[in-house]
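For reference, positions follow the sequence shown, starting with 1. Only heavy atoms go into these numbers, but all of them, side chains included; no hydrogens, no water, no symmetry mates.
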Amino acid sequence: MTLSTTSFIKKIKNDFIVCLKLTLFFGALFVVIRQEFTLKGIGVIFLISAMYSFTLGLGNGLINEYLNTKWDWVKETKQRVLFGILTTVIYTIIAVLMIHYIQYVLIFGHDFNNFFSGDLIWIHSFAIVFSLGVAAFFHAKGFMVNWKASQTQKSNKIEIVAKTETAKFESLKNQIDPHFLFNSLNVLTS
C-alpha cells in the first residue's frame with residue numbers, strides 16, 4: 001500500500017471510531033431524554049443514532065477525503081470549494097431524506113403521502129440545514145489544517161534557504177586568503 005492509501009485507511013478508521021462514539025453518546029442521551037427503557041425502544045434509538053452518525057458523519061468524511069485527493073485546498077481553492085459545496089449539499093439532502101424515510105415511514109409507520117408535508121417538511125429542513133452546518137465546519141477545519149501545513153512548509157523552505165545562504169557566505173568568508181588581506185593592509189598603511 002502507498003503512503004496515501006495507508007493514510008486514507010487510517011483516517012477512515014479514525015472517522016469510524018468517532019462515528020461509533022457519537023452513536024453511543026447520542027443514543028444514550030436520547031434514551032435518557034425520551035425515557036425509553038424497553039429493549040425495543042433502546043434498539044430503535046441506537047439504530048437512528050447510528051444512521052445519522054454513520055450516514056452523515058462517515059459519508060461526508062469520505063466525500064471530504066475524496067475531494068482532498070482531487071483538489072488541493074491551498075492551490076486549487078475555488079475548485080475545492082465549488083465541488084465541496086455541490087457534493088456535500090447533494091449528498092446531505094439525499095442522506096437525510098433516506099434516513100427520514102427509514103425512520104418515519106418504515107420504523108414509525110407514517111404515511112409516505114405525508115412525507116413532504118406538515119411537520120415532517122420542517123423536520124427534514126432542520127436536519128438538512130443542521131447537517132450542512134456541521135459539514136461546512138469540517139470542510140473549513142480541513143482547509144485550515146491544509147493551509148497551516150502549507151504555511152509551515154513554506155516557512156521551513158525559507159529557513160533552509162537562509163541557512164544555505166549563511167553557510168555559503170561563511171564558506172566564502174573562510175576562503176579569503178589571509179595573506180592577501182594582510183598584504184592589502186600593509187599597502188594601505190604604508
As an exercise, state the distance from [atom1] of [X] to [atom2] of [Y], rounded to the nearest 0.5 Å.
X	Y	atom1	atom2	value
N14	I9	CG	CD1	12.0 Å
M51	T23	CE	OG1	10.5 Å
L22	I17	CG	CD1	12.0 Å
L86	F83	CG	CZ	7.0 Å
R80	F143	CZ	CZ	10.5 Å
K70	N68	NZ	CG	12.0 Å

For the backbone of [Y] and the side chain of [X], can you confirm whether one donor and one acceptor N or O come within less than 3.5 Å of each other?
X	Y	answer
S131	I128	no
E65	G61	no
S117	N114	yes

Specify the closest pair of heavy atoms between [X] and [Y], including all atoms of both residues, with the distance to one decimal.
X	Y	value
Q103	I48	CG-CD1, 3.7 Å
S53	C19	O-SG, 3.3 Å
F138	N64	O-ND2, 3.9 Å
T88	A135	CG2-CB, 3.5 Å
I121	F116	CD1-O, 4.0 Å
L97	H124	CD2-CG, 3.9 Å

Taking everything shown except [X] itself, do over 12 heavy atoms lie less than 6.0 Å from its [atom1]?
X	atom1	answer
L39	CG	no
F26	CZ	no
D119	CG	no

Applying a strict under-4.5 Å side-chain criterion to I, L, V, M, F, W and Y, I'd like to know whether [X] and [Y] cluster together.
X	Y	answer
M98	I63	no
V129	V96	no
I93	L120	yes
I85	I90	no
Y52	W122	yes

Self-check item: Verdict with supporting geometry, Y101 and F115, side chain to side chain contact (heavy atoms under 4.5 Å, CB included)
Solution: CA-CA 8 Å; Y101 175 78; F115 191 68; 4.0 Å; yes
Quiz item: Parallel, tilted or perpendicular for H110 and Y104, by the 30°/60° rule?
Solution: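 Perpendicular: the ring planes of H110 and Y104 meet at over 60°.
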Exercise. Can you label the angle between the F130 ring and the F126 ring as parallel, tilted or perpendicular, going by 30° and 60°?
Key: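 Correct class here is parallel.
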Practice problem: Report yes if some heavy atom in the side chain of D15 is under 4.5 Å from a heavy atom in the side chain of K11; otherwise report no. | Solution: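 They are in side-chain contact.
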